[in-house]
Amino acid sequence: MLQVNFIRENFEKAVLGLKKRNFAGAEAALNQLVQLDDARKNIQLESDQLQAESNAISKTIGKLMQSGQIEEAERVKSRTSEIKSQVKALEDHYARQENELVQLLYTIPNIPHETVVPGFGAEDNEVVHSHGTIPELTPSNNLPHWELIKKYDIIDFELGVKIAGAGFPVYKGKGARLQRGLVNFFLDEATKAGYTEIQPPILVNEDSGYGTGQLPDKEGQMYFCNEDGLYLIPTAEVPITNLYRNEILQAADLPVKNVGFTPCFRREAGSWGAHVRGLNRLHQFDKVEIVHISHPDNSYEALEQMSDYVQGLLQKLELPYRVLRLCGGDMGFTSALTYDMEVFSAAQERWLEVSSVSNFETYQATRLKLRFKEDKKTILAHTLNGSALALPRIVAAILENNQQEGGIKIPQVLIPYLGFEWIN
RNA sequence: AGAGAGUUGGGUGAGUGGCUUAAACCAGCAGUUUGCUAAACUGUCGUACGUGUCAAAGCGUACCGGGGGUUCGAAUCCCCCACUCUCUACCA
């Protein structure tokens, strides 16, 4: 969430930023925010003063009791009970006021970075880079991946339906080994690039959901274990970033660079329709995620570094891709700047999003209370994350783009991980 | 899952209702001494919100696992919850 002080000091900038996101009533909401915060301060001031008085009286009573002036002590007590009820009323009022403030803050998305263009949806995103050539498939070898997986019997959706439901594929034989090989490849590459590997829990509590911004509002997108109050993670971003909830790091600890592999679970309520066949959209999928905690001064360098890193993976996998800088209207709620990486899937003739790399600046850190110490000052850190990478669409593109007469040719870099060169 | 014992600052650890404004030690930081290192000594050393200010210092309030209660006053007493350790039971 945003910080009220930031809004006070950058009111116009904040309004303009929210307009890029087509956030209706930005000015009114921000004005209300400042008013609620003013009211909160006034109540606190009054309450603090009364409590200071009460504390002083209590000390006096203590001294009177010790020196045996019981009657005098009793007389002073009457004033404190008066204060007590006033303080109680003020505290209740304060709690209501603060709650209203926080609820409003939860509804306001992050302010986009200055380079983010206004826009309404995917059609307004900017292509900032592209790489590789789009493969030309021959008429006899241009099957979409959902046909290829049947042809070679490597992924079975019907079996998944039998044991779980739609959107829970079963990977078999070389299909399973391809998954495992990709995960190992991604983790090894990340380790080489200086990331620390983390294996986090894949169920998280409510506080963690709030920490990274999935809650409130996105509860409908997460699977929830009612008995235990735990959510299945939609991405490793949630547990790995929440590792640092309520922490104060040292400036020398930065940047923190973690990587983790987890399955991800998404209910995807209401998002089924065209273009979701096969591996394009699933309830459960595997993903390797990179998470940075950065000094505010160089978080945008870190973002570029992460973008370059992800592009390097795609190059090694020999997949044609493009990089989009998302417009205000298409960016996630908590992000200030997001790059999407899309690979071209030759048989579907579509670009598929395989990674999303974002800088959240202090939006997550404010909720997480994630700070660091520098020169005796406590400063909010910047958080960033990105997929490196999400498996299903990578698999879809590898299958479609590399299909030949003799089967599907495995990219060179994966062969040591798989122990076979062809799926046939 | 049952029984018992615990949870205090970065760490160790004292503290059973009012000189506690959380002792002491260690670590950290700054300084003094010193040819260098070490040691010694002195000082400093939490977080949040508010107030104040150009900025700060300072001041106020809250915080001793989390939440609630008793009391003029709670680290201390009571209740609920979480976690840790030991034993028992169970288990991949």
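Below, read A as the first sequence line, B as the second, and so on, with proteins coming before strands; counting in each chain starts at 1. Model, not experiment: these values are computed from the prediction. FYI, side chains are in, hydrogens and waters are out, and symmetry mates aren't considered; it's all heavy atoms of this structure.
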- Query: Under a 3.5 Å cut-off for both distances, is C63(B) Watson-Crick or wobble paired, and to whom?
  - Reply: G46(B)
- Query: Just to confirm, is there a sub-4.0 Å distance from OP1 or OP2 of C49(B) to any side-chain nitrogen or oxygen of R40(A)?
  - Reply: no
- Task: Indicate, with a heavy-atom threshold strictly under 4.0 Å, whether K377(A) touches base, sugar-phosphate, or nothing.
- Result: nothing
- Starting at CG of D48(A) and ending at P of A62(B), how long is that distance when rounded to a whole Å? 8 Å
- Task: Would you mind reading off the distance between N42(A) atom CG and C49(B) atom P, rounded to a whole angstrom?
- Result: 17 Å
- If we take the C1' atom in both U37(B) and U33(B), what is their distance in whole Å? 14 Å
Please write out each protein N/O paired with an N/O of nucleotides 72-82 of chain B under 3.5 Å, distance rounded to 0.1 Å.
| from | atom 1 | to | atom 2 | distance (Å) |
| --- | --- | --- | --- | --- |
| C72(B) | O4' | T80(A) | OG1 | 3.4 |
| C72(B) | O2' | S58(A) | OG | 3.0 |
| G73(B) | O4' | S58(A) | OG | 3.2 |

- Task: Check the distance between G50(B)'s C1' and I43(A)'s CD1 and give it to me in whole angstrom.
- Result: 13 Å
- Query: Base, sugar-phosphate, or nothing for Q44(A), non-hydrogen atoms under 4.0 angstrom?
  - Reply: base
- Query: Is there a Watson-Crick or G-U wobble partner for U21(B) with both distances under 3.5 Å, and which nucleotide is it?
  - Reply: none
- Query: Is there a Watson-Crick or G-U wobble partner for C83(B) with both distances under 3.5 Å, and which nucleotide is it?
  - Reply: G6(B)
- Task: Check the angle between the aromatic planes of Y195(A) and Y309(A) and answer parallel, tilted or perpendicular using the 30° and 60° thresholds.
- Result: tilted
- Task: Can you label the angle between the F333(A) ring and the Y363(A) ring as parallel, tilted or perpendicular, going by 30° and 60°?
- Result: perpendicular
- Task: Scan every strand shown for a Watson-Crick or G-U wobble partner of A89(B), both distances under 3.5 Å, and answer none if you come up empty.
- Result: none
- Message: Quick check on G60(B): is either OP1 or OP2 less than 4.0 Å from any side-chain nitrogen or oxygen of Q51(A)?
- Response: no
- Message: What's the gap between G65(B) and G11(B) when it is taken at their P atoms, as a whole Å value?
- Response: 13 Å
- Query: With a non-hydrogen cut-off below 4.0 angstrom, is I248(A) in contact with a base, only sugar-phosphate, or nothing?
  - Reply: sugar-phosphate
- Query: Whole-Å distance between U61(B) P and E91(A) CD?
  - Reply: 13 Å
- Could you work out the separation of C80(B) and U20(B) based on their C1' atoms and round it to a whole Å? 28 Å
- Rounded to the nearest angstrom, tell me the gap between atom CG in N5(A) and atom P in C49(B). 8 Å
- Go through M341(A) and S307(A) one step at a time and tell me if the side-chain contact (heavy atoms from CB on, under 4.5 Å) criterion holds. CA-CA 8 Å; M341(A) 283 69 177; S307(A) 165; 3.4 Å; yes
- Query: Using the C1' atom in both, what is the distance from A48(B) to U70(B), to the nearest Å?
  - Reply: 27 Å
- Task: Choose from G69(B), G60(B), A48(B) the nucleotide whose nearest atom is closest to any side-chain atom of K88(A).
- Result: G69(B)
- Item | From CA spacing to verdict: side-chain contact (heavy atoms from CB on, under 4.5 Å), D124(A), D330(A) | CA-CA 8 Å; D124(A) 297 316; D330(A) 205 31; over 6 Å; no
- Message: Suppose we define a pair by two distances each less than 3.5 Å, Watson-Crick or G-U wobble; what does A40(B) pair with here?
- Response: U32(B)
- Watson-Crick/G-U partner (both atom distances under 3.5 Å) of U53(B): none
- Message: If you assign each of R371(A) and A52(A) to its closest nucleotide in RNA chain B, which residue comes earlier from the 5' end?
- Response: R371(A)
- Is there a Watson-Crick or G-U wobble partner for A14(B) with both distances under 3.5 Å, and which nucleotide is it? none
- What closest approach, in Å, do Y321(A) and Q311(A) show between heavy atoms, and which atom pair accounts for it? OH-OE1, 2.9 Å
- For K369(A) and C63(B), what is the distance between atoms NZ and P respectively, to the nearest whole Å? 16 Å
- Message: Distance check needed: A48(B) C1' versus L380(A) CG, whole Å only.
- Response: 12 Å
- Item | Cation-pi, F420(A) ring and K174(A) (6.0 angstrom, 45 degrees) | yes
- Would you call E268(A)-R281(A) a salt bridge at under 4.0 Å N-O? yes
- Nearest-angstrom distance, C1' atom, C78(B) to C41(B): 48 Å
- Task: Answer yes or no: is there an ion pair linking R180(A) with D286(A), defined by an N-O contact shorter than 4.0 Å?
- Result: no
- To the nearest angstrom, the CG-C1' distance between L45(A) and A48(B) comes to 17 Å
- Task: For Y152(A) and G407(A), work out which heavy atoms get closest and say how close.
- Result: OH-CA, 3.3 Å
- Note on the structure: Looking only at G50(B), U61(B), A48(B), the nucleotide nearest the K41(A) side chain is G50(B)
- Query: Given the C1' atoms of G73(B) and G17(B), what is the spacing between them in whole Å?
  - Reply: 8 Å
- Item | Parallel, tilted or perpendicular: rings of Y417(A) and F185(A) (30°, 60°) | perpendicular
- Distance check: side-chain N/O of K373(A) vs OP1/OP2 of U47(B), anything under 4.0 Å? yes
- Message: Using the P atom as the point on both nucleotides, what is the distance between A24(B) and G15(B), in whole Å?
- Response: 15 Å
- Message: Would you measure the distance from the P atom in G10(B) across to the matching atom in C64(B) and give it in whole Å?
- Response: 14 Å
- With both distances under 3.5 angstrom, what nucleotide forms a Watson-Crick or G-U wobble pair with U76(B)? none
